[in-house]
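Single-structure report; data block below.
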Amino acid sequence: MIDGYGRDINYLRLSVTDLCNLKCCYCMPAKGIAKKEHSQILRLETFERIAREAVGLGFTKIRVTGGEPLVRRGILELIKGIASLKKQGLKELTLTTNGVLLSKYAEDLKRAGLTRVNISLDSLDPVKYKEITRGGDLQKVLEGIKAAQEAKLFPLKLNVVLVEGFNDDEIETFVNLTLENELDVRFIELMPLGEASAWDRGHFLPNSEVLARVPNLIPLPFKGHGSVARMYKLPNSKGKVGLISPLSSHFCNYCNRIRITADGKLKPCLHSDVELDIRDYALNNLGKFLEDGINAKPNKHSIRTSGYIPIARNMNEIGG
Ligand code: SAM
Ligand code: SF4
């Protein structure tokens, strides 16, 4: 469906839970979050219904995210249900995960119809990984990556949030993973929202730093609409390197997405507190819910303007 600024909105992100088995410093509060009442969280059937309406409106890509989507009970059934929409025009069904439970689920996810997976990993050093995730076990994620490769959830993408003074010294190590492995590494600029909104500006590193540290990265043609990453590769590498730079060069012109939160709100823009509540719509009229959300998309976000106010929600509620 075309929005008011001529963009084809065809990508839906479903945050199926705000709960997580990690507490990344930039995403979750140290004390964790209160578990919401059952009634406050959308049922998986409702997510499937939204997905069906979206595909009916011409959406071709759906991503399941969280919180950590693999901690939500019934996740495989949801994946199976959404994957069945491939017959109606859905082209890609993907999942973003921290990878901790992936060794358990990769094979079943593939069988349920998942196309591919993005795995978030900010350090390859077990001590630093434990620090940024407040207790995570790197070994589990590495096992999850291996399981995803064995299950052929390709192309596999590793998402690395760059934090100055924490993992900028690992840029080359992450880039070099693409030499021998069939995976893409994507560096994401830390965004000043939720927990990270109060962080010292010194931690926010522009992605140009990646190019400064690895000057032999070769730029690849930009794919345009719907692409948030600028792609590069090392000479003779198997995988690619993506730079996702919401801060240093915003990609609103190419934005093709809307987001649904676990508590039933539609976010037309990640960087705005404007939300539509599913409870204002009849369950048999969710097409209208999606259409209103698409029509509410702003031209661009205001994150680099002086009047910008960080959004209130943490990323675990929105799904990235
Ligand atoms: N738990 C899953 C995971 O970590 O992949 C899915 C949800 S998580 C909120 C989705 C993505 O958002 C992760 O790659 C995470 O690193 C990223 N993220 C969270 N807070 C962020 C922030 N303030 N700036 C940039 N990326 C952020
Ligand atoms: Fe959990 Fe993902 Fe947030 Fe880390 S980034 S706390 S894994 S939701």
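Just follow the structure's listing: the first ligand is 1, and inside any ligand the first atom is 1. What you see below is based on every heavy atom in this structure, not just the backbone, and it leaves out hydrogens, waters and symmetry mates. As the structure is a computational prediction, the values presented were derived from the model and not from experiment.
Other residues sharing the hydrophobic cluster of Leu220, ordered by chain and number and joined by side-chain separations under 4.5 Å: Met231.
Contact annotation: Glu189 has at least one heavy atom less than 4.0 Å from an atom of ligand 1. Using a 4.0 angstrom heavy-atom cutoff, Pro192 does not count as in contact with ligand 1.
Looking only at atom types and distance, the side chain of Glu68 has no donor-acceptor partner in the side chain of Thr17 under 3.5 Å away.
Considering backbone and side-chain N/O atoms, Gly67 comes within less than 3.5 Å of an N/O atom of ligand 1. Between Thr97 and ligand 1, at least one pair of N/O atoms sits closer than 3.5 Å. Considering backbone and side-chain atoms together, Ser120 places an N or O closer than 3.5 Å to an N or O of ligand 1. The distance criterion of under 3.5 Å between nitrogen or oxygen atoms is not met by Val161 with respect to ligand 1.
The distance from ligand 1 to the heavy atoms of Gly66 drops below 4.0 Å at these ligand atoms: 7 (C), 9 (C). Of all atoms in ligand 1, numbered sequentially from 1 with element shown, those under 4.0 Å from a heavy atom of Glu68 are 1 (N), 2 (C). Residue Asn98 has at least one heavy-atom neighbour below 4.0 Å for each of these atoms of ligand 1: 2 (C), 3 (C), 5 (O).
In terms of protein heavy-atom proximity, atom 10 (C) of ligand 1 is nearest to Gly319 O, 3.7 Å. Nearest protein neighbour of atom 16 (O) of ligand 1, counting heavy atoms only, is Tyr26 OH, 3.0 Å. What sits closest to atom 24 (N) of ligand 1 on the protein, heavy atoms only, is Met191 N, 2.8 Å. If you check which protein heavy atom lies closest to atom 20 (N) of ligand 1, you get Met315 CG, 3.0 Å.
Of the heavy atoms in Thr96, both backbone and side-chain atoms come closer than 4.0 Å to ligand 1.
The side-chain tip of Arg230 points at the ring of Phe222 from less than 6.0 angstrom away and within 45° of straight on.
Between Arg49 and Glu45 no salt bridge is recorded (no basic side-chain N to carboxylate O distance below 4.0 Å). A salt bridge is absent between Asp18 and Arg313: the closest approach of a Lys/Arg side-chain nitrogen to an acidic carboxylate oxygen does not fall below 4.0 angstrom.
Around atom NZ of Lys80, no more than 12 heavy atoms belonging to other residues, nucleotides or ligands sit under 6.0 Å away.
Aromatic ring pairs are classed by plane angle as parallel below 30°, tilted from 30° to 60° and perpendicular above 60°; the pair Phe289 and Tyr281 is tilted.
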What verdict does the side chain to side chain donor-acceptor pair (under 3.5 Å) test give for Arg259 and Ser15, after you've listed the backbone C-alpha separation in whole Å, the side-chain angles of each residue and the deciding distance to 0.1 Å? CA-CA 8 Å; Arg259 298 172 165 83; Ser15 177; over 6 Å; no
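The number of protein N, O or S atoms lying under 2.8 Å from atom 1 (Fe) of ligand 2 is 1.
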